[in-house]
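Everything below concerns the one structure shown next.
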2 protein chains.
Amino acid sequence: MIETFTALADPNRFRIVEYLLGGARSVGAIGEALHLNQPQVSKHLRVLKQARLVDVEARAQQRLYGLRPEPLRELNAWLERYRDIWDERLGQLDSLLEELKTQDLETAQRHARKKKG
Amino acid sequence: MIETFTALADPNRFRIVEYLLGGARSVGAIGEALHLNQPQVSKHLRVLKQARLVDVEARAQQRLYGLRPEPLRELNAWLERYRDIWDERLGQLDSLLEELKTQDLETAQRHARKKKG
DNA sequence: GACATATATTCCATGCGGGGAATATGTCCG
DNA sequence: CGGACATATTCCCCGCATGGAATATATGTC
């Protein structure tokens with residue numbers, strides 16, 4: 001989790017991740033799109049790779065870097081533990097009814113359980 | 001977003017945030033619980049406050065620091081844009097078929113609805 | 001095998017962030 | 001008002017991460 005936050009805390013790495021949201025790209029393409037020198041791109045990608053945020057696929061002499069799901073899933077799971085704090089719908093009967101109306105059973109049940117516990 | 005990641009990237013600040021999940025606490029309580037010197041606690045709290053992750057409430061001569069929802073909401077919103085990447089349920093026909101095989105109808109139906117939306 | 005292209009690594013310099021110690025500010029109580 | 005308690009700030013030091021420049025490695029082409 002710390003490693004994920006550290007990797008995303010650098011502005012240029014954050015930009016790279018955002019850029020890769022459009023799909024896997026080569027090192028050169030990243031550097032050109034974000035106006036970064038090639039060595040820095042490689043170095044940032046190494047950090048992102050160690051944080052498992054990206055993986056590489058060799059395509060001839062170039063390497064395609066693409067986003068990986070695991071750290072994002074972990075981030076989501078971590079955030080979930082703070083849902084009581086950030087979810088504005090908490091304690092709102094409206095939302096519970098809305099969830100039931102829209103047949104979002106899993107969320108509704110989870111919230112219902114929380115209200116009980 | 002960058003400021004949020006930066007604030008959470010430091011191990012001790014991360015520990016403070018985790019600790020505050022149990023409710024608002026005084027500076028002294030935080031330092032005692034996490035074995036941190038008082039000045040460092042204050043300094044970390046300042047960073048967290050600038051990142052809007054905490055706020056202060058004066059209680060006599062002590063200050064109670066508690067978590068704030070905004071940055072967590074923003075984090076959730078940011079993560080949402082990456083859902084295609086991290087949500088394991090997306091595009092997995094296998095799991096849908098598996099759910100049907102094991103007669104987990106409710107889950108299967110919920111997933112089927114999500115794939116539609 | 002020589003060469004071009006694409007990427008990775010190293011070396012170096014610099015700046016910023018975090019910890020420790022001391023001190024300042026602020027608040028309550030007698 | 002003086003003293004105790006709680007917190008904030010400052011100063012100093014140091015390590016580490018980042019960027020730039022140069023160089024190394026790898027792969028494809030002729």
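Numbers restart at 1 for each chain; the letters A, B, ... are given by sequence-line order, proteins then strands. If you're wondering where the values come from, they're calculated on a predicted model, not measured in any experiment.
The shortest side-chain heavy-atom distance between A:Ile16 and A:Tyr65 does not fall under the 4.5 Å cut-off. Residues A:Val56 and A:Lys49 meet the side-chain proximity criterion, which asks for heavy atoms closer than 4.5 Å. The closest side-chain heavy-atom distance from B:Leu53 to B:Arg68 is not below 4.5 Å.
Checked against D:dT9, C:dA8, C:dA6, the side chain of A:Gln61 finds its nearest nucleotide in C:dA6. Nearest nucleotide to the side chain of B:Arg46, out of D:dG28, D:dT9, C:dT9: D:dT9. Nearest nucleotide to the side chain of B:Arg63, out of C:dG26, D:dT27, D:dA22: C:dG26. The side chain of B:Asp10 lies closest to C:dG18 when the candidates are C:dG26, C:dG18, C:dA8. For B:Ser26, whose side chain is taken as the heavy atoms from C-beta onward, the closest listed nucleotide among C:dT27, D:dT27, D:dT7 is D:dT7. Comparing C:dG19, D:dT9, C:dT7 against the side chain of A:Val27 picks out C:dT7 as the nearest. In the set D:dG20, C:dG20, D:dA8, the nucleotide with an atom closest to the side chain of B:Lys43 is C:dG20.
To the nearest angstrom, C1' of C:dT27 lies 14 Å from CG of B:Leu64. When rounded to the nearest whole Å, the span between CD of A:Glu3 and P of D:dC16 equals 16 Å. Rounding to whole angstrom units, CD1 of residue B:Ile30 and P of D:dA6 are separated by 14 Å. Whole-Å rounding puts the A:Ile2 CD1 to C:dG18 C1' distance at 14 Å. Atom CZ in B:Arg13 sits about 8 Å away from atom P in C:dG19, given to the nearest Å. We find that CZ of A:Arg25 is positioned 17 Å from C1' of C:dA6, with the value rounded to whole Å. What separates CG of A:Leu48 from C1' of D:dT18 is a distance of 14 Å, to the nearest Å. As rounded to whole Å, 15 Å separates atom P of C:dA8 from atom CG of A:Asn37.
Checking the phosphate oxygens (OP1, OP2) of D:dA6, no side-chain nitrogen or oxygen of B:Tyr65 falls inside 4.0 Å. OP1 and OP2 of D:dA6 both lie 4.0 Å or more from every side-chain N or O belonging to B:Arg59. Between B:His44 and C:dG19 there is a side-chain polar atom (N or O) within less than 4.0 angstrom of OP1 or OP2. The phosphate of D:dG19 (OP1 or OP2) has a side-chain N or O of A:Asn12 nearer than 4.0 angstrom.
Note on A:Glu3 versus A:Arg52: no salt bridge recorded, every NZ/NE/NH1/NH2 to OD/OE distance being 4.0 Å or above. With salt bridges taken as basic N to acidic carboxylate O contacts below 4.0 Å, none links A:Arg15 and A:Glu18.
A donor-acceptor contact under 3.5 Å links the side chain of B:Gln38 to the base of D:dA8.
Linking Ile, Leu, Val, Met, Phe, Trp and Tyr whenever their side-chain heavy atoms come within less than 4.5 Å leaves B:Val47 and B:Ile2 in two separate clusters.
Using a 4.0 Å heavy-atom criterion, one finds that A:Gln62 contacts the sugar-phosphate atoms exclusively.
With a 3.5 Å ceiling on both atom-pair distances, the Watson-Crick or G-U wobble partner of D:dC16 is C:dG15.
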